[in-house]
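One structure below.
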2 protein chains.
Amino acid sequence: MENKREIFHVLTRRFGLLNKNCCSVGGFDISTVQSHILYEIDKQNTPSMQQIAETLAMDITTFSRQIQTLVKMELVKKTPSSQDKRVSLLSLTTQGKFVATSIDHSMNAYLDEVFSHLNEFERETVIRSLQLLNGAMSKSSVCCTPLY
Amino acid sequence: MENKREIFHVLTRRFGLLNKNCCSVGGFDISTVQSHILYEIDKQNTPSMQQIAETLAMDITTFSRQIQTLVKMELVKKTPSSQDKRVSLLSLTTQGKFVATSIDHSMNAYLDEVFSHLNEFERETVIRSLQLLNGAMSKSSVCCTPLY
DNA sequence: AACAATACTTGCATTTTGCAAGTAAATAAA
DNA sequence: TTTATTTACTTGCAAAATGCAAGTATTGTT
């Protein structure tokens, strides 16, 4: 079957579910968006608000409020940059780091379970293919502009 | 050893963008969720509300309201079942069918563009891998049901 | 006939979202 | 140096999305 849209439709829904189901850690209820924010802060080195918002393609105002929530939950710390006083640098608190790591573990556990339904060869092929796909998407010129 | 979570994190984000950018068709502004609803109604044969809500793993009350919106937009028609008067059968209006088809075309165009960055062999491998992955997810006990 | 189960719908109350509009700081121009 | 512009956010709405509780109507079951 060559209908790509069908494949992506199902995949998208499943990814959504996967991300939804992963994120209850030790009393904290983390939304999908919030888990993505934590992930990116963890990955990047004391990034600014702009950087993360742009990476996640989020509206900066929505992002600002999400960060406020995460700061209230004591998962994220906002430090004013000494270089540029307009900029807020983001980092995870100890708790935030713990939550991010926990989510990472459960996600990888989920994914391992999923991949356990494939044999070793298929597993490697799929992983390599997803990397290829990621690469292709990053090269795409129409990625973030509306198509008609 | 590749980090699956990283791969999925990026893929999820990109898929989200893809779905977000797809959905402005001839004056209609369709949200991602709505496009998924249209897609499923189109695919299934006069399904009930429950069926689609369950397929998309949506809360039935949220779904009910989304359908009300789509009915107001004259994209979806709700017909009471003659078999069971509690049931509403869903179908696309002519306009709805047009919108669904347009979105389908845009999505496929986008995906073709993405895949154009791969060679023929990679393309086939990736498609086949995504199908494998879908299959594995459908077998998974930890997520992704009841999609099929 | 009485009760439970199903298929929705409506009432909140909360959360999420994004466009305007605002503040403060850095940079460019006059 | 002063003024204007840009940048990095924050707040004020208002609209949309979400989900639990509680409702209505219909069907299925003792």
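Naming convention: chains lettered A, B, ... in sequence-line order (proteins, then strands); numbering from 1 in each chain.
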Measure up the A:H9 and B:H36 rings against each other and bin them: parallel (under 30°), tilted (30 to 60°), perpendicular (over 60°). tilted
Contacted region of DNA chain D by chain A, from 5' end to 3' end of the hits, cut-off under 4.0 Å to heavy atoms, spans D:dT7 to D:dC13
For [X], give me all partners under side chain to side chain contact (heavy atoms under 4.5 Å, CB included), at least two apart in sequence or on another chain.
| X | result |
| --- | --- |
| A:N134 | B:I7, B:V10, B:L11, B:R14 |
| B:E122 | A:L132, B:L118, B:N119 |
| A:K78 | A:M49, A:I67, A:V71, A:S88, A:L90 |
| B:Q51 | B:Q44, B:P47, B:S48 |

Do B:Y39 and A:E6 come close enough that some side-chain heavy atom pair is under 4.5 Å?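 Yes; the side chains approach each other to less than 4.5 Å.
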Near DNA chain D, counting only heavy atoms under 4.0 Å, which residues of residues 51-63 of chain A show up?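 DNA chain D contact set from residues 51-63 of chain A: A:T61.
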Separation of [X] atom [atom1] from [N] atom [atom2], in whole Å?
| X | N | atom1 | atom2 | answer |
| --- | --- | --- | --- | --- |
| A:K78 | C:dA24 | NZ | P | 15 Å |
| A:D29 | C:dT16 | CG | P | 11 Å |
| B:Q50 | C:dT6 | CD | C1' | 8 Å |
| B:D84 | C:dC8 | CG | P | 8 Å |
| A:Q66 | C:dT17 | CD | C1' | 9 Å |
| B:R65 | C:dA7 | CZ | P | 19 Å |

Within this structure, what is the OG-CG distance for the pair B:S138 and B:L133, rounded to the nearest 0.5 Å?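 That separation rounds to 10.0 Å.
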Between the side chains of A:E40 and B:R13, is the shortest nitrogen-to-carboxylate-oxygen separation below 4.0 Å, so that they form an ion pair?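 Here B:R13 pairs with A:E40 in a salt bridge, since their nearest N and O are under 4.0 Å apart.
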With DNA chain C as reference, determine whether B:S64 or A:K85 sits nearer its 5' end, using the nearest nucleotide of each. B:S64
At under 4.0 Å, does any side-chain N or O of B:S48 touch on OP1 or OP2 of C:dC8?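 Yes, B:S48 has a side-chain N/O under 4.0 Å of OP1/OP2 on C:dC8.
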Do you know which two heavy atoms are closest between A:M73 and A:D29, and how far apart they sit? CE-O, 4.0 Å
So if I take every side-chain heavy atom of B:M49 and compare against C:dA5, C:dC8, C:dA26, which nucleotide ends up nearest?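 Given the options C:dA5, C:dC8, C:dA26, the side chain of B:M49 is closest to C:dC8.
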